[in-house]
Amino acid sequence: MRPVLLDTGPIVALLDPTDSFHRRCADALAEVRAPLVTCEAVITESCYLLRRIPGAAEAVLHSVVTRDFLIPSGLSEAAIRVRRILVKYRDRKIDLADAVLIHLANEFETGDILTLDRDFEIYRWGKNNRFHLLVSLG
């Protein structure tokens with residue numbers, strides 16, 4: 001079973017009940033049957049954005065500890081490939097987390113992603129594959 005990629009936005013929305021995407025992200029996550037794969041940059045961003053919500057950062061880290069959120073490799077193993085992605089999408093002002101997620105899409109051969117970032121409608125993985133956004137942004 002191919003994993004689903006997990007970006008920062010849905011993590012924040014799930015742990016912040018006042019977030020406008022909270023319900024959509026909860027519904028989308030309820031439909032996911034595959035493992036959730038993410039990266040350290042996403043975890044860092046999520047903890048930072050959730051710092052004002054008591055217990056939220058701890059909940060994010062708990063999801064890493066319990067392997068609800070899988071982090072398959074560190075940046076040191078993927079830095080050369082991630083750097084190429086950063087260069088490719090420099091005009092989009094891509095951030096590190098997005099570049100690593102594109103790298104993970106290539107590694108796991110999957111474009112299924114839980115994200116609130118419309119840039120993933122532009123980004124491509126593999127030779128020229130589109131991402132499949134699992135949260136409705138409309």
Side-chain angles (χ1 to χ4, degrees):
M1 176 181 303
R2 291 187 181 158
V4 169
L5 303 170
L6 178 62
D7 198 5
T8 304
I11 295 172
V12 171
L14 287 164
L15 291 171
D16 180 357
T18 66
D19 190 287
S20 62
F21 282 94
H22 178 78
R23 174 59 30 219
R24 280 188 250 184
C25 289
D27 291 346
L29 185 61
E31 298 292 320
V32 171
R33 301 288 175 247
L36 297 172
V37 171
T38 194
C39 62
E40 292 143 337
V42 165
I43 299 302
T44 301
E45 286 180 353
S46 298
C47 289
Y48 176 77
L49 293 171
L50 290 164
R51 69 191 179 282
R52 289 186 178 86
I53 298 176
E58 293 88 345
V60 172
L61 294 175
H62 179 76
S63 292
V64 173
V65 169
T66 60
R67 301 189 52 81
D68 290 330
F69 301 166
L70 300 174
I71 300 174
S73 62
L75 183 58
S76 61
E77 293 90 14
I80 291 171
R81 289 169 294 215
V82 170
R83 189 176 120 222
R84 285 187 202 123
I85 295 166
L86 288 169
V87 169
K88 179 179 179 179
Y89 291 108
R90 182 179 292 140
D91 64 318
R92 303 266 340 145
K93 297 186 178 22
I94 189 171
D95 65 27
L96 180 63
D98 290 357
V100 176
L101 289 171
I102 294 168
H103 164 70
L104 291 172
N106 294 330
E107 289 293 306
F108 287 97
E109 298 182 348
T110 184
D112 291 342
I113 186 166
L114 285 166
T115 187
L116 302 177
D117 185 345
R118 288 192 183 273
D119 284 335
F120 280 94
E121 294 174 339
I122 305 299
Y123 300 149
R124 297 292 182 263
W125 67 275
K127 296 293 181 192
N128 196 27
N129 299 305
R130 292 180 173 273
F131 281 91
H132 177 231
L133 282 62
L134 301 179
V135 178
S136 169
L137 300 179

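Position 1 is the first residue of the sequence, and the numbers go up from there. As a basis for the values below, the full set of heavy atoms in this structure was taken, side chains included, without hydrogen atoms, waters or symmetry mates.
Counting heavy atoms from C-beta on, the side chains of R23 and D27 come closer than 4.5 Å.
For residues 102-115, the pairs satisfying salt bridge (charged side-chain N to carboxylate O under 4.0 Å, His left out) are R2-E109, R81-E107, with sequence neighbours left out. Every pair passing side chain to side chain donor-acceptor pair (under 3.5 Å) that includes a residue from residues 61-79 is listed here, sequence neighbours excluded: T66-D68.
The minimum heavy-atom distance linking R118 with L137 is given by the pair NH2-O, 2.7 Å. Pairing each heavy atom of E40 with each of G74, the nearest pair is OE1-CA, 3.7 Å. Taking all atoms of both residues into account, the shortest heavy-atom contact from F131 to Y123 is CD1-O, 3.5 Å. Shortest non-hydrogen contact noted between P54 and R52 is CD-O, 3.4 Å. Between N129 and G126, the closest heavy-atom pair is ND2-CA, 3.8 Å.
Atom CZ of R51 sits about 12.5 Å away from atom OG of S46, to the nearest 0.5 Å. Distance check: L50 CG to E58 CD gives 10.5 Å after rounding to the nearest 0.5 Å. Put simply, OG1 on T44 and CG on L49 are 10.5 Å apart, with the number rounded to the nearest 0.5 Å.
Put simply, I122 and L86 are part of two different groups of oily side chains (I, L, V, M, F, W, Y) that touch within less than 4.5 Å, one to the next. Follow the hydrophobic side-chain contacts under 4.5 Å out from V64 and you reach V42 in the same cluster.
Residues passing the ring pair (Phe, Tyr, Trp, His ring centres under 6.0 Å) test with F21, sequence neighbours excluded: none. Partners of R130 under the salt bridge (Lys or Arg N to Asp or Glu O under 4.0 Å) rule, at least two apart in sequence or in another chain, do not exist in this structure.
Counting only distance, with no hydrogens or angles, the side chain of T38 and the backbone of F69 share no donor-acceptor pair below 3.5 Å. A donor-acceptor pair under 3.5 Å links the side-chain atoms of R24 to the main chain of S136, judged by distance alone.
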Steps toward side chain to side chain contact (heavy atoms under 4.5 Å, CB included) verdict (V4, T110)
CA-CA 7 Å; V4 169; T110 184; 6.0 Å; no
What side-chain donor-acceptor pairs closer than 3.5 Å can you find for residues 89-105, not counting sequence neighbours?
from: Y89; atom 1: OH; to: R124; atom 2: N; distance (Å): 2.8
from: R92; atom 1: NH2; to: D119; atom 2: OD1; distance (Å): 2.6
from: D95; atom 1: OD1; to: A97; atom 2: N; distance (Å): 3.3
from: D95; atom 1: OD1; to: D98; atom 2: N; distance (Å): 2.8

Review item, side-chain donor-acceptor pairs of residues 5-18, under 3.5 Å, at least two apart:
from: D7; atom 1: OD2; to: T115; atom 2: OG1; distance (Å): 2.7
from: T8; atom 1: OG1; to: E45; atom 2: OE1; distance (Å): 2.5
from: D16; atom 1: OD1; to: T18; atom 2: N; distance (Å): 3.0
from: D16; atom 1: OD1; to: T18; atom 2: OG1; distance (Å): 2.6
from: D16; atom 1: OD2; to: T18; atom 2: OG1; distance (Å): 3.4

